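Step one of this worksheet: look at the structure below.
In what follows, chains are A, B, ... by sequence order, proteins preceding strands, each numbered from 1. As the structure is a computational prediction, the values presented were derived from the model and not from experiment.
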Protein chains: 2
Amino acid sequence: MKSTIPDTGVPITPPTGNGGDRQEASLHGETLLRLRDYVVEGNIPEGGRVPERQLCEMLGISRTPLREALKVLAAEGLIELLPNRGARVRQLSQRDLEELFDVMAGLESLAGRLACEAITDAEITAIEQLHYEMYGHYLHRDMHGYFQANQRIHESIVAAARNETLKTAYANFAGRIRRVRYSANFARKRQRWAEAMREHEAVLDALRRRAASELSDILFQHLRNKRTAAIEHLTEPREDAPASP
Amino acid sequence: MKSTIPDTGVPITPPTGNGGDRQEASLHGETLLRLRDYVVEGNIPEGGRVPERQLCEMLGISRTPLREALKVLAAEGLIELLPNRGARVRQLSQRDLEELFDVMAGLESLAGRLACEAITDAEITAIEQLHYEMYGHYLHRDMHGYFQANQRIHESIVAAARNETLKTAYANFAGRIRRVRYSANFARKRQRWAEAMREHEAVLDALRRRAASELSDILFQHLRNKRTAAIEHLTEPREDAPASP
DNA sequence: ATCAGTTATTTTGCATTCATTTTTTGTCCT
DNA sequence: AGGACAAAAAATGAATGCAAAATAACTGAT
């Protein structure tokens with residue numbers, strides 16, 4: 001067999017009890033949730049083949065609901081379906097990444113704008129808390145903690161926009177670049193770290209003043225800078241690694 | 001039979017020759033395209049049931065590819081699938097519409113911002129042409145022509161953003177509110193018409209100057225105003241109709 | 001040994017079939 | 001008549017089966 005899925009010999013989650021606390025009546029829905037996570041979490045290498053047969057065994061289901069789920073994932077942009085040649089995990093070109101980051105920037109920019117119309121003082125306080133927490137991680141050079149706090153801040157802004165449609169779209173795009181986002185989060189680029197901290201302070205400032213268009217600009221620029229950092233990181237992947245093996 | 005699909009007795013498009021000039025290798029892909037158009041064009045009343053069986057006969061296919069297409073359309077937000085109770089054309093609440101308009105506003109706002117970075121003088125000239133054309137329709141009270149020119153202007157801005165991901169997302173959301181958008185395009189509200197013309201002039205002005213954040217603001221506000229007009233139109237549907245039958 | 005051509009195996013796409021669930025129809029009772 | 005219950009019909013969800021396409025394996029020639 002030439003599949004690219006690491007065969008652990010066990011289903012992704014226990015076959016009977018469903019994995020998380022989510023409930024899904026239909027097998028198709030359940031499969032969709034599990035498969036989406038499985039792909040988003042990077043269990044299959046980019047561009048790797050995804051043989052239906054093997055996934056069926058993995059999930060303990062027949063091909064019908066699996067294929068339905070694959071079609072949906074393809075529509076979401078996570079995988080691509082080549083006619084008669086099966087599904088592959090979508091490989092994102094540099095251009096794809098640039099586009100995705102820009103769309104994310106647009107959505108967050110919008111979220112900020114809308115948030116200014118509806119956000120409560122309590123919500124702002126909560127975001128400030130997250131900001132301080134993030135600052136702590138920054139001081140301790142805790143990349144992972146920093147990343148998580150950062151994510152939660154951005155999610156809080158999206159939540160404050162009070163727009164479920166936006167939230168869903170945001171989650172969808174975030175899923176597509178999740179792997180890259182994490183790994184490319186200016187690993188060891190301390191300069192960019194400091195810069196990002198300042199940008200976040202500007203975000204908070206604009207948010208407190210409910211300055212919608214200003215916040216919109218700041219958020220867009222913030223994500224634009226993140227995009228630049230991410231692309232750079234991918235172009236010159238490891239600045240501390242030896243030049244040759 | 002209690003379906004809500006008008007039964008014309010003929011397939012949506014001739015079974016053998018495919019409807020448009022689009023080509024799709026798989027039956028599933030073909031079905032998806034045809035069904036999406038069929039729904040977007042409003043052939044099924046809102047909230048109407050979509051019996052698989054009937055659609056299969058209509059399209060001359062078996063249930064498997066049809067069901068795959070339905071799952072995708074559900075993921076796109078055009079229809080909803082109730083467990084064990086089939087597919088319904090998604091009924092948009094007023095809140096849903098508000099959210100959709102806002103997201104569209106965000107995407108167009110982003111498109112304008114990005115367009116400022118890459119748009120050519122020729123493209124701007126083309127948009128100006130469309131603007132004059134639209135002005136002509138405005139003077140002649142030609143709603144349909146006005147609407148189409150308007151659409152093309154917005155599409156041109158999105159195209160000038162040079163972002164396929166954005167373009168796809170935009171098309172998706174546009175599809176969801178297509179019906180409402182058209183019917184609600186301030187029918188007979190001359191005041192709003194004039195206002196929209198002025199806003200479009202401001203758009204062109206900012207575009208010529210490549211004033212990204214300014215254009216972003218203008219486009220957002222423009223769409224916001226459209227949203228208000230659309231919602232109003234739905235709330236008080238016909239201002240010239242008699243109050244009682 | 002390498003490569004073209006051919007055959008065998010696997011994989012995909014779609015149709016069909018089977019088991020449940022829902023909806024409708026029919027019947028009986030008040 | 002009207003409503004509650006039960007049986008029949010239809011629709012959905014998922015598994016299986018089958019034909020076509022693609023991939024892999026094999027053969028033989030250079």
Side-chain angles (χ1 to χ4, degrees), chain A residues 1-5 7 11-13 15-16 18 22-35 39 44 47-75 78-90, chain B residues 1-5 7 11-13 15-16 18 22-35 39 44 47-75 78-90:
Chain A
M1 256 199 224
K2 227 175 187 177
S3 127
T4 45
I5 300 182
D7 188 359
I12 299 174
T13 67
T16 44
N18 76 11
R22 289 173 305 190
Q23 296 250 28
E24 189 61 37
S26 67
L27 237 181
H28 153 264
E30 174 77 16
T31 302
L32 181 57
L33 291 176
R34 292 211 278 172
L35 243 180
V39 172
I44 309 176
R49 276 192 67 175
V50 187
E52 293 178 4
R53 194 117 176 37
Q54 193 176 348
L55 280 178
C56 286
E57 288 168 16
M58 219 162 182
L59 295 158
I61 59 173
S62 81
R63 285 175 54 214
T64 308
L66 177 83
R67 285 171 57 77
E68 289 170 351
L70 286 178
K71 297 285 187 300
V72 173
L73 292 183
L78 280 173
I79 64 175
E80 44 189 359
L81 300 174
L82 301 106
N84 293 318
R85 304 184 61 226
R88 291 171 180 279
V89 174
R90 186 159 167 202
Chain B
M1 253 198 231
K2 227 175 187 179
S3 125
T4 46
I5 300 181
D7 188 359
I12 298 174
T13 68
T16 42
N18 76 12
R22 289 173 304 191
Q23 295 251 29
E24 188 62 36
S26 66
L27 237 180
H28 153 265
E30 173 78 16
T31 302
L32 181 57
L33 290 176
R34 292 211 277 172
L35 206 58
V39 172
I44 310 176
R49 277 192 67 172
V50 186
E52 294 179 2
R53 193 124 182 62
Q54 192 176 350
L55 281 178
C56 287
E57 289 169 15
M58 222 160 178
L59 295 158
I61 58 171
S62 83
R63 284 176 56 215
T64 308
L66 177 82
R67 284 170 58 75
E68 289 171 351
L70 287 177
K71 297 285 188 297
V72 173
L73 291 183
L78 280 173
I79 63 175
E80 45 188 0
L81 300 173
L82 301 106
N84 292 318
R85 306 186 61 227
R88 292 173 180 278
V89 174
R90 185 158 168 205

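A distance of 13.5 Å separates CG of B/Leu73 from NZ of A/Lys71, quoted to the nearest 0.5 Å. Rounded to the nearest 0.5 angstrom, A/Thr64 OG1 and A/His28 NE2 are separated by 11.5 Å.
For A/Glu52, taking side-chain heavy atoms from C-beta onward, the closest of the listed nucleotides C/dT16, C/dG13, C/dT11 is C/dG13. Closest to the side chain of A/Ser26, out of C/dT12, D/dG13, C/dA15, is D/dG13.
Rounded to whole Å, atom P of D/dT12 lies 18 Å from atom CG of A/Leu27. Taking atom NE2 of residue B/His28 and atom C1' of nucleotide C/dA15, one finds them 16 Å apart after rounding to whole Å. Taking atom CD of residue B/Glu57 and atom P of nucleotide C/dA15, one finds them 14 Å apart after rounding to whole Å. Atoms CZ (A/Arg63) and C1' (C/dC14) sit 9 Å apart, rounded to a whole Å. Here C/dA15 presents its C1' atom at 11 Å from CD1 of B/Ile61, a figure rounded to the nearest Å. Rounded to whole Å, the distance from CZ on A/Arg53 to P on D/dT16 is 11 Å. Regarding B/Leu55, its CG atom lies at a distance of 14 Å from the C1' atom of D/dT12, rounded to whole Å. Computed from coordinates, the A/Gln54 CD to C/dT10 P distance equals 14 Å when rounded to whole Å.
The nearest pair of heavy atoms linking B/Val89 to B/Ile79 is CA-CG2, 4.2 Å.
In terms of polar N and O atoms assigned as donor or acceptor, the side chain of A/Ser62 never comes within less than 3.5 Å of the base of D/dA14 in a complementary pairing. Residue-to-nucleotide contacts include no donor-acceptor pair under 3.5 Å from the side chain of A/Arg85 to the base of C/dG13.
Neither OP1 nor OP2 of C/dT12 sits under 4.0 Å from any side-chain N or O of A/Arg67.
Both A/Arg88 and B/Leu81 sit near DNA chain D, but only B/Leu81 has its closest nucleotide nearer the 5' end. Across the interface with DNA chain D, nearest-nucleotide mapping of A/Asn84 and A/Pro65 shows A/Pro65 to be the residue nearer the 5′ end.
Side-chain N or O atoms of A/Arg90 include none that pairs as donor or acceptor with a backbone N or O of A/Leu78 at under 3.5 Å. A donor-acceptor contact shorter than 3.5 Å is absent between the side chain of B/Arg88 and the backbone of B/Glu80.
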